[in-house]
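Working notes for the structure below.
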Amino acid sequence: MDKKDILKRYRFYYKKKIFIIILLFFISLFFIIFSTKIGTFNISFSDIINSFFNPNSREGTVLFNVRFPRIASSFVAGFGLAIAGCVMQNVLRNPLASPFTLGVSQGAAFGACVGIVLLGQGSLGTNIIISNPYFVTACAFAGSLISTLTIIFLARFKGFSPESIVLSGVALGALFSAMIIMLQYFSNEVAVTSMVFWTFGDVGRAYWNEILMMAIVVAFSFVYFLLNSLNYNAIQIGDEGAKGLGINVDRIRFVSMIVSSLITAVIVSFLGIIGFVGLVAPQAMKRMIDFDHRFILPASALMGAILLIIADIVSRTILSPVILPIGAITSFLGAPFFIYILYLKGKIK
Amino acid sequence: MFIQAKDVRFSYNSVDVLKDVNFYIEKGDLIAILGNNGAGKSTLIKCINRILKPKFGTILIEGQDVEKLGSEIAKKVSYVSQRNQATRLTVFDAVLLGRRPYVKWGISNKDLEITKGVIGMLSLQEISMRFVDELSGGELQKVIVARALVQEPSLILLDEPTNNLDIKSQIEVMNIVKQIVQEKKISSLVAIHDINLALRFIDKFILMKDGKIFASGGLEIITEENFSETFGVMAKIKNIDDRPFLVF
């Protein structure tokens, strides 16, 4: 390759990143198929294909009612939480930011619990069945906004450092967890069981209607984020410089945070809190490709989806036939990673 | 008259930083803004392309009010900030960002060609595929200047472009600025602390004191009296190779 022609080198580098994204896509496809086959009830390839023509068969019922919704939920939630985390990390200039570490997920969970329990929306059994998903999602969104607006206020107007912001996020998370416990105290035992179950996210909770709603929100947000990818790149180098490029930095920062909260709210209201995916997926990809948001966004999205599908497989198989909540699995993976990033940051200073 | 500022007033939390500033810039002017910390140099520069919005007064570019231009201003005026963060983007991508004001849906071949041209002009080819967070301060500054050039502006604003740079990089950056102003026939306004660096490269000056323009003009305003008034220190001016230098 001609070392002198920088355009050729740039295009080669560009193609390499596209290749990584395509590779991630195929890896996610592999795990989707793997996840379809594996479980308490093993299903062969021919059964999978047959079930599409005969959805009422025993295998078809398992696939369409249990496994496919789980996989689709994992994919959409992983995808959504990863892009939310990626954008939060950018606009707050904080590698530790994510819906979970900033307390946005906990705020959304509190909102959802208020919607379900206090206002009697939904019936409570071993699972929480949401009878009015729009209302509960709106409550979750309102809860998530409390955290988001607090974080924006502290970061922008009080000039908190990235570490202090994460500490504030932890405090917000603890506050909302405490408020959920207060709610439990005043609820009957069925509701308490449901809420405890709620605090650990579970991808087995949503069915096609809910999945579709999550997918629509995530898809529109993804498009919005991608359209702003050059703006995010510019913001990384500096606010003033980005403003000099005609970018309305304050508006983009605000809208991006709100959109990220919306993604979080929808996912939390249908699946509960799934921690750390939004932190781990973008950070892992940033170590593999650079911070160019045209690429890091789709790459983290796929990485998030892959991580949750794997976490789901682990949750279903590790103590089979018992299914562990996926939130517990992601925390096992995410918490050490969080400390690792802190450690890296400490070393740089 | 290319750029005209009329009665520009600006305040941070009710403290007046700019007090009714008036000036104009002709096409092809390279002007240094000199003054102590807090004199309003950076604020004045940021008001021109509306990074800060003046409380009062207007700024006209070729007769057009900057306020009405909106984000289109980024096609006419580019800005080199003093605060730039190193990040994990390639130099090429960082420079390419200067095309942001022109990009509608995607980056075109023209954008890539212009970026390539500017990278060549500033001799950044060798580092074009390196990451910005691996560069030295001087290299990063050149990358930011390159990004400003890719914007194809008719005015470049530079806010302390030589701060924290070693002497070699300072001279390199100032040479680049001077060269592009001459070659591309554009104008430039440079807020700068190092008076002698300014005197060596620049022929027109705005002296600022307490949010006001104390004096403006060519080398004729570079007098010992003006300097002691502007900076509040006694200094002597010596000529070396027909250029004045300030000796403290």
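Heavy-atom basis, side chains included; hydrogens, waters and symmetry copies ignored. Chain naming here is simple, since letters A, B, ... match the order of the sequence lines and numbering starts at 1 in each.
Taking each heavy atom of A:I6 and B:S128 in turn, the nearest pair found is CG2-OG, 3.3 Å. B:A74 and A:G244 get closest at one heavy-atom pair: CB-O, 3.8 Å. The two residues B:S71 and A:G246 make their nearest non-hydrogen contact at CB-O, 3.4 Å.
The CG atom of B:L52 sits 7.5 Å away from the NZ atom of A:K243 when rounded to the nearest 0.5 Å. Here OH of A:Y10 is found 5.0 Å from CG of B:L96. Values are rounded to the nearest 0.5 Å. Atom CG in A:D292 sits 10.0 Å away from atom OG1 in B:T87 (nearest 0.5 Å). The CD atom of B:Q125 sits 10.5 Å away from the CG atom of A:D5 when rounded to the nearest 0.5 Å. Separating the OG1 atom in B:T90 from the CZ atom in A:F291 is a distance of 13.0 Å, to the nearest 0.5 Å. Here A:L7 contributes atom CG and B:K116 contributes atom NZ; the two are 5.5 Å apart, rounded to the nearest 0.5 Å.
Open room surrounds NZ on B:K184; 12 or fewer heavy atoms of other groups in view lie less than 6.0 Å from it. At most 12 non-hydrogen atoms from other residues, nucleotides or ligands lie less than 6.0 angstrom from CZ of A:F220. Residue A:F25 qualifies as open at atom CZ: its count of foreign heavy atoms under 6.0 Å is 12 or below. Environment of CZ in A:F254: sparse, with no more than 12 heavy atoms of neighbouring residues, nucleotides or ligands closer than 6.0 Å. Counting heavy-atom neighbours within 6.0 Å of A:F26 CZ, excluding the residue itself, gives a total of 12 or less. Remark: A:R287 CZ is packed, more than 12 non-hydrogen atoms of other residues, nucleotides or ligands lying under 6.0 Å away. Counted within 6.0 Å of NZ on B:K204, heavy atoms from surrounding residues, nucleotides or ligands total 12 or fewer; the atom is thus considered open.
Only the side chain of B:R147 comes within contact range of chain A, judged by heavy atoms closer than 4.5 Å. Interface remark: B:K46 contributes side-chain atoms only to the contact with chain A (heavy atom separation under 4.5 Å). Of the two parts of B:I119, only the side chain, counted from C-beta on, holds a non-hydrogen atom closer than 4.5 Å to a non-hydrogen atom of chain A. Using a 4.5 Å cut-off between heavy atoms, B:I144 contacts chain A through its side chain alone, with no backbone atom that close. Contact annotation for B:V103: only side-chain heavy atoms (C-beta onward) come within less than 4.5 Å of a heavy atom of chain A. Only the side chain of A:I247 comes within contact range of chain B, with at least one heavy atom under 4.5 Å from a heavy atom of that chain. In this structure, chain B has no heavy atom under 4.5 Å from any part of A:N248.
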Quiz prompt | CA sep, side-chain torsions, deciding dist, call: B:R99, A:L230, side-chain contact (heavy atoms from CB on, under 4.5 Å) | solution = CA-CA 10 Å; B:R99 297 304 295 168; A:L230 283 182; over 6 Å; no
Exercise. Could you walk me through whether B:R83 and A:D239 pass the side-chain contact (heavy atoms from CB on, under 4.5 Å) test, one step at a time?
Key: CA-CA 9 Å; B:R83 280 191 291 260; A:D239 278 14; over 6 Å; no
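Defined by atom type and a distance below 3.5 Å, a donor-acceptor pair is missing between the side-chain atoms of A:Q236 and B:R88.
Ranked by heavy-atom pairs shorter than 4.5 Å toward chain A, the options B:D93, B:I73, B:N49 are led by B:D93. Contact count against chain B (heavy-atom pairs under 4.5 Å) is highest for A:D290 among A:I296, A:L227, A:D290.
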